[in-house]
Amino acid sequence: MQQSLGNFFSEYIGKKSIFKNKAIIQSTHLPVTLLHRDEQINTLAQILAPTLRNEKPSNVFLYGKSGTGKTVTVRYVIQELEKITSSKNIPLKIVYINCKLKRVADTEYRLLAELNRAFNTSIPATGLPTDEVYRIFVHSVQKENKAIILVLDEIDQLVKKIGDGFLYSLTRLNESTQGNTISIVGVSNDLVFMDLLDSRIKSSLSEEEIIFPPYNALQIQDILIARTIEAFREGTIEEGVIEKTAAYAAREHGDARRALELLRVAAEIAERNGFTNISTRHIDEAEEKIERDRVIEILATQPKQFQAALYSILTHPSKNNSKLYTGDIYELYRHICKRTGLKPLTQRRISDILGELDTLGIINARIISKGRYGRTREIVLATPSTLTPKIRRILEESLEI
DNA sequence: CGAGATTCATGTGAAGTATACCTTTAGGCTTAA
DNA sequence: AAGCCTAAAGGTATACTTCACATGAATCTCGTA
């Protein structure tokens, strides 16, 4: 056994890797040139350029569905901007925050705390008044004495959750930081997100807007080819793989990030199974694996109560696939709490939790009215049924059932 | 038969509570002069 | 006397509970044709 492991390792070294440079297709990689986004890059650069002359640039909003290159464009422009500012000693600081990450920036307070962290000021998780945290932030800004560009990625998530008040506070911050301007670059996946905003905020925040249209299949192919040339050894990609990947991605509103991920995971699968080439079959496997990993990742990081609620949905004895309703779930949930020693929450709270599980995309919880028989959420699992046993095992383990 | 009232099961908003954690402050102790 | 530590006081954010009211179509009621 151990002998063969040694063989395995030495063989592993001897084997030629499919990858030439794996980092190229990892999601953190920032390519040297961005394809098919010249217009957006130029516009954004023009908007932000005034910082180079110590003038406050307009606030900008970037729209576009996921994987249309928003984040990468921002990162690219930021990088170039920072190169200039640091070489010419222009006082500018750029802060990038992803609002989607739970527990990092999903309330106003936590966003502020994160902002302060960017200025190397640590803020306790609780205990301070929010306006105190604002004051600390203003103080840090003045101490650094630089113009600030604040990039808020996935800002729509945050606004949906806690409203738009914080945006108002942020724009007003300019009045209290004498001389040091703060500009906001908002990035949103939601195209109609603006409608949720208060009109005052809307006008001050979206002085400029940049739209990111989805890539079409050909553009995705371009992107994939450009990356694969650098990332993979020559001839490791079989005929039709690129096309198939692009087609998959185009089906999902032209999501380039997804396409690249698909390709990377496919390569990993191929390599692990001892293939020297990536074939279309690996793409299919990759698609499955990505979905699996995503669900499992979400699951594992959920609080116990969420897991218990989900477990109720999963194990509810609704034989003939009949629809599940909040009441049914809650009843079973209480049972599960009793068995696991978990303190049962109220139905009110479970109602909210079901809503959150819905936004996480693990379940579909549609609110319906059954007329005479009341109003409730109609709940269906949103995960592929092949995953159910696995999810179940994970939950059972975590809940110690 | 059809318009309007009723009904159910739960959605939803607001206000209150428990918990965990923060800063400030005051008192007591130690230390150095 | 100054400095430091500790504990209590006073305050906050967050997750949750409690209370009260809102929702909306199936069903019921009852006047009318």
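In what follows, chains carry the letters A, B, and so on, assigned in the order in which the sequence lines appear, proteins first and then strands, with residues in each chain numbered from 1. From a predicted model like this one, the values you see are computed outputs, not experimental measurements.
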message = Any side-chain N or O of A:T107 below 4.0 angstrom from OP1/OP2 of C:dT14?
response = yes
message = Below the 4.0 Å mark, does B:dT12 have OP1 or OP2 next to a side-chain nitrogen or oxygen of A:S351?
response = no
request  = Counting heavy atoms from C-beta on, name the nucleotide in C:dT17, C:dT14, B:dT12 closest to the side chain of A:L345.
outcome  = C:dT17
Check: A:F232 ring centre within less than 6.0 Å of A:F19 ring centre = yes
remark   = Taken to the nearest whole Å, CD/A:E331 to P/B:dT10 is 10 Å
key: Euclidean distance, atom OH of residue A:Y373 to atom P of C:dA26 [Å, nearest integer]   = 11 Å
request  = Please state how far atom CG in A:D106 lies from atom C1' in C:dA13, giving the value in whole angstrom units.
outcome  = 12 Å
ask   = Any side-chain donor paired with an acceptor under 3.5 Å for A:S66 and A:R257?
value = no
ask   = Please give, in whole Å, the distance from B:dA15 C1' to A:R348 CZ?
value = 12 Å
ask   = Do A:Y311 and A:R392 come within less than 4.5 Å of each other through their side chains, counting heavy atoms only?
value = yes
request  = Write down the distance between CG (A:D358) and P (B:dT12), rounded to a whole number of angstrom.
outcome  = 11 Å
task = Would you please confirm or rule out a distance under 4.0 Å between OP1 or OP2 of C:dC28 and any side-chain N or O of A:R372?
result = no
task = May I have the distance from A:E108 (atom CD) to C:dT14 (atom C1'), rounded to whole angstrom?
result = 14 Å
Side-chain N or O of A:T326 closer than 4.0 Å to phosphate OP1/OP2 of B:dT10 = no
task = Check whether the side chains of A:N189 and A:E154 place a donor and an acceptor atom closer than 3.5 Å, and report yes or no.
result = yes
query = Expressed in angstrom and rounded to an integer, what is the separation of A:R110 atom CZ from C:dT12 atom P?
reply = 18 Å
key: Base C:dT17 to side chain A:R349, donor-acceptor N/O within 3.5 Å cut-off   = no
key: side chain to side chain contact (heavy atoms under 4.5 Å, CB included) partner of A:L150, chosen from A:N59, A:L115, A:I94   = A:L115
task = Give the rounded distance in Å between these two atoms: CG of A:L128 and C1' of C:dT14.
result = 14 Å
message = Of the listed nucleotides (C:dT14, B:dT12, C:dT17), which one gets closest to any side-chain atom of A:R377?
response = B:dT12
task = Using heavy atoms to find the nearest nucleotide of DNA chain C for A:Q305 and A:T126 separately, return the residue whose nucleotide is more 5′.
result = A:T126
